[in-house]
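Just so it is clear: chains get the letters A, B, ... in the order the sequence lines come, proteins before strands, and each one is counted from 1. Worth knowing before you read on, the calculation uses all heavy atoms, side chains too, and leaves out hydrogens, waters and symmetry mates. Not measured: the values here are computed from a predicted model.
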Amino acid sequence: MPLTQRGRDILSRVQGGALHSTLGVGCEIVRHEELCVGCGKCAKNCPSGASRRSDVFDVNQLLEAPEGTRRGALGGALRRLMRHAPDGLIEVPARVTVYRSIDYDADQCLGCGTCARGCPAEAIEARPPQADGTSEGSPS
Amino acid sequence: MTAPATVAGAAGATPAAAADRKIVAFCCRECAYAAADASANARTPLPPSVRLVLMPCTGRVSPLHLLSALAEGADGVMVAGCLLGQCHYREGNFNAVDRVAFVQRLLKSVGVEPERCQMFTMSAGEPPRFAAAVREIDRVIGGLPPLPRSEAGTRGAA
């Protein structure tokens, strides 16, 4: 994913031009949904509102979760019971908090990487941008 | 669960016979378990399928309890808690209601009858209501086709 327009605007306002070494703004955010535990910290920490807890849950997230996790255990039980592959999204009742998918809106994202730093499951990667505005590459 | 998951192999047959049926009832200590106790003291006959599990509050019941009970050999699960608004821990049973609804939607999305997981509420002083709830879910489960379990329970025997 290339840098968003908003991310580029912000980068142009930052003193010194581009950010080279720190997780500042303009990172590419890569979410690994299968590792997500649904704690919602990314949504809580997100300064721009790009990550939000949604009202729906993708049942496939349970089936893809790694073994040894709570979601993985739930997925294992579900796999033994199911008659067909999940129909997809289900609505989540208000008091069920952790079994929710996270809405991530790349257009609103600043690429600050706050979500990645706060993620207890290490399900979010923030890839630092390069000086030319592409987001491929490693921190220098 | 104390019972080993031996029913697992019965897939593809007619509905589980009354004697083979297993229903796990997660009961709140403050009300439903007391109601079950009183119901037993009054010698009310209960369906032989029901297995009681004592919980401190229905708010302790997680979707994992319900689904793994079903996966490991139960034909149905019920959560029996206090009347809404009368939870000993104030709102544990509201949490349970939503979790049961969530599990029902999960089951529905993979093609399993959502009626296999149900929530009942009662007060400690209503043993007949507990017996009626158990008979009700036993009747409903008795009319459903057996669950497709892909493999026999591995943890059930432990």
For the pair B:R21 and B:D138, evaluate side-chain contact (heavy atoms from CB on, under 4.5 Å) and give the outcome as yes or no after the intermediate values. CA-CA 8 Å; B:R21 222 179 286 147; B:D138 188 62; 2.9 Å; yes
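- Relative ring orientation between A:F57 and A:Y99 is described as perpendicular, the plane-to-plane angle rising above 60° on a 0-90° scale split at 30° and 60°.
- For chain B, the option among A:L62, A:V59, A:L81 with the highest count of heavy-atom pairs below 4.5 Å is A:L81.
- Looking only at heavy-atom pairs under 4.5 Å with chain A, the residue among B:L66, B:V112, B:N95 that has the most is B:N95.
- Ion pair B:E113/A:R83 flagged as a salt bridge, since at least one NZ, NE, NH1 or NH2 atom sits closer than 4.0 Å to an Asp/Glu carboxylate oxygen.
- With a 4.5 Å cut-off on non-hydrogen atoms, A:L74 touches chain B through its backbone and its side chain both.
- Proximity to chain B (any heavy atom under 4.5 Å) is shown, for A:R71, by neither the backbone nor the side chain.
- Rounding to the nearest 0.5 Å gives a distance of 10.5 Å between OG1 of B:T58 and OH of B:Y89.
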